[in-house]
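This report refers to the structure that appears directly beneath it.
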Amino acid sequence: MPKYPDITVKLIGENSNAFNILGICIKAMRRAGLTEKQVDEFRMEATSGDYQHLLNTCMRYFEIE
């Protein structure tokens, strides 16, 4: 179960650029009303590794479409 199961992020069919994926996720977090601290926590975790780590982090935090 994702950390934020109420947030669904559509990544399939989107530009797969890492910066684009990060932006989509952060926008979804802000729309859901999460705090900047929560957004920063996600950003730090998501960018602490390679591209595959980014994708894995997204899947740990959100429902993915």
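Screening residues 45-59 for salt bridge (Lys or Arg N to Asp or Glu O under 4.0 Å), with sequence neighbours left out, gives Glu45-Arg60. Applying the ring pair (Phe, Tyr, Trp, His ring centres under 6.0 Å) rule to pairs touching residues 7-38 yields nothing, sequence neighbours excluded. Pairs passing the ring pair (Phe, Tyr, Trp, His ring centres under 6.0 Å) check and including a residue from residues 20-43, sequence neighbours excluded, read Phe42-Tyr61, Phe42-Phe62.
Atoms CG and CG, from Leu11 and Leu55 in turn, are 7.5 Å apart once rounded to the nearest 0.5 Å.
For Asp40, the side-chain hydrogen bond (donor to acceptor under 3.5 Å, both in side chains) partners two or more places apart in sequence, or in a different chain, are Arg43. A search for side-chain hydrogen bond (donor to acceptor under 3.5 Å, both in side chains) contacts involving Asn56 returns Gln52, not counting sequence neighbours. Listed by chain and number, the residues in a side-chain hydrogen bond (donor to acceptor under 3.5 Å, both in side chains) with Glu63 amount to none (sequence neighbours excluded).
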For residues 24-31, tabulate all N or O donor-acceptor pairs below 3.5 Å that involve a side-chain atom, not counting sequence neighbours.
residue	atom	partner	partner atom	Å
Arg30	NE	Glu36	OE2	2.9
Arg30	NH2	Glu36	OE1	3.1

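Using a 4.5 Å heavy-atom threshold, the side chains of Cys58 and Ile21 count as touching.
Remark: the backbone N or O of Asn15 is paired with a side-chain donor or acceptor of Asn20 at under 3.5 angstrom.
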